[in-house]
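As the structure is a computational prediction, the values presented were derived from the model and not from experiment.
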Amino acid sequence: MAWRDHPACPPAGTVLCAVDEIPDEGGREVVYGTEREPLRFLLLRQGSTVWGYENVCPHFSLPLNFDPQVFVTLDGLIMCAHHTAFFRFDDGSCVEGPCAGSGLTPVSVHCVDGRVVLGDDTSAR
């Protein structure tokens with residue numbers, strides 16, 4: 001199921017968090033829903049640039065983090081805590097590990113007034 005089709009998906013224009021709540025050169029998870037499989041967004045930041053992905057590794061369909069809000073990052077890469085696949089911040093591509101050649105599912109986000117907002121610039125409310 002696509003993240004947009006998840007029953008807990010918030011509408012475009014929803015504020016996910018403040019930019020400064022995402023560690024620089026790191027990640028933050030934002031979770032929606034209480035289902036067995038809630039919707040998990042992964043927000044990555046380098047300086048003032050923020051990227052959004054579904055927090056699901058394409059190898060085993062598990063979140064990239066093992067502990068809440070703990071992500072292993074290095075030089076613009078994030079590592080899956082379960083099997084050490086590495087993904088680039090800027091495009092979500094897996095560059096090393098068992099899912100090389102695949103990638104993370106992008107989530108459209110943008111920044112407005114220091115906040116990360118779901119959707120593209122035209123969907124902000």
Side-chain angles (χ1 to χ4, degrees):
M1 157 178 29
W3 63 267
R4 286 184 176 101
D5 298 328
H6 193 286
C9 186
T14 297
V15 174
L16 301 177
C17 70
V19 172
D20 63 7
E21 291 179 306
I22 308 165
D24 194 13
E25 302 293 332
R28 177 174 178 82
E29 181 180 55
V30 180
V31 180
Y32 288 92
T34 57
E35 301 84 5
R36 183 173 166 258
E37 294 186 28
L39 178 59
R40 299 173 181 276
F41 291 135
L42 168 63
L43 303 173
L44 300 170
R45 179 169 82 106
Q46 282 183 320
S48 62
T49 304
V50 175
W51 297 271
Y53 297 100
E54 194 172 357
N55 187 12
V56 177
C57 180
H59 184 225
F60 279 135
S61 298
L62 294 170
L64 275 70
N65 53 318
F66 183 75
D67 291 319
Q69 303 304 342
V70 177
F71 294 93
V72 178
T73 61
L74 176 68
D75 296 331
L77 298 173
I78 184 166
M79 182 184 82
C80 177
H82 300 282
H83 61 274
T84 65
F86 285 87
F87 301 87
R88 288 194 299 241
F89 276 26
D90 63 353
D91 64 5
S93 293
C94 182
V95 295
E96 187 176 321
C99 51
S102 62
L104 302 175
T105 301
V107 171
S108 177
V109 298
H110 65 282
C111 298
V112 175
D113 299 327
R115 299 173 299 164
V116 180
V117 179
L118 183 63
D120 60 29
D121 288 333
T122 60
S123 64
R125 318 183 212 174

Q) Arg115 and Cys17: side-chain contact (heavy atoms from CB on, under 4.5 Å), yes or no, with the steps? A) CA-CA 6 Å; Arg115 299 173 299 164; Cys17 70; over 6 Å; no

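- Side-chain atoms of Tyr53 come within 3.5 Å of backbone N or O of Asp91 as a donor-acceptor pair.
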Q | Full working for side-chain contact (heavy atoms from CB on, under 4.5 Å) between Leu42 and Glu54 | A | CA-CA 6 Å; Leu42 168 63; Glu54 194 172 357; over 6 Å; no

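- The minimum heavy-atom distance linking Phe87 with Cys57 is given by the pair CZ-SG, 3.9 Å.
- In this structure, Ala8 and Gly33 approach most closely via the heavy-atom pair CB-CA, 3.6 Å.
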Q. Yes or no on side-chain contact (heavy atoms from CB on, under 4.5 Å) for Trp51 and Asp90, after CA distance, side-chain angles and deciding distance?
A. CA-CA 7 Å; Trp51 297 271; Asp90 63 353; 3.9 Å; yes

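- Listed by first and then second residue, the salt bridge (Lys or Arg N to Asp or Glu O under 4.0 Å) pairs involving residues 18-27 amount to none (not counting sequence neighbours).
- Without hydrogens or angle criteria, His110 side chain to Gly119 main chain gives a donor-acceptor distance under 3.5 Å.
- Leu118 has its side chain within reach of Phe41: a pair of non-hydrogen atoms, C-beta onward, lies under 4.5 Å apart.
- At distances below 3.5 Å, at least one donor-acceptor pair connects side-chain atoms of Gln69 with backbone N or O atoms of Glu29.
- Residues Arg4 and Ser108 approach most closely at NH2-CB, 4.2 Å, considering heavy atoms.
- Taking the ring pair (Phe, Tyr, Trp, His ring centres under 6.0 Å) definition, one finds that His83 meets it with His59, Phe60, sequence neighbours left out.
- Residue-environment remark: CG (Asp75) stays at or below the threshold of 12 foreign heavy atoms within 6.0 Å.
- Counting only heavy atoms from C-beta outward, the side chains of Leu64 and Leu104 approach each other to under 4.5 Å.
- When all heavy atoms of Phe89 and Gln46 are compared, the closest pair comes out as CD2-CG, 3.6 Å.
- When the options Leu44, Leu16, Val116 are evaluated for a side chain to side chain contact (heavy atoms under 4.5 Å, CB included) with Ile22, the one that passes is Val116.
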Q) Between Val117 and Thr14, is a side-chain contact (heavy atoms from CB on, under 4.5 Å) present by the stated rule, with each step listed? A) CA-CA 6 Å; Val117 179; Thr14 297; over 6 Å; no

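- Using a 4.5 Å cut-off on side-chain heavy atoms (C-beta onward), Met79 and Thr73 make no contact.
- Considering all non-hydrogen atoms of both residues, Cys80 and Pro63 come closest at SG-O, 4.4 Å.
- Within the 4.5 Å cutoff, no side-chain heavy atoms of Ile78 are placed close to those of Val72.
- For the pair Cys111 and Val19, the tightest heavy-atom approach, listed with the atom from each and the gap, is SG-CG2, 3.7 Å.
- Between Leu62 atom CG and Arg40 atom CZ the span is 9.5 Å, to the nearest 0.5 Å.
- When the side chains of ILVMFWY residues are joined at heavy-atom separations under 4.5 Å, either directly or via intervening members, Leu43 and Trp3 end up in a single hydrophobic cluster.
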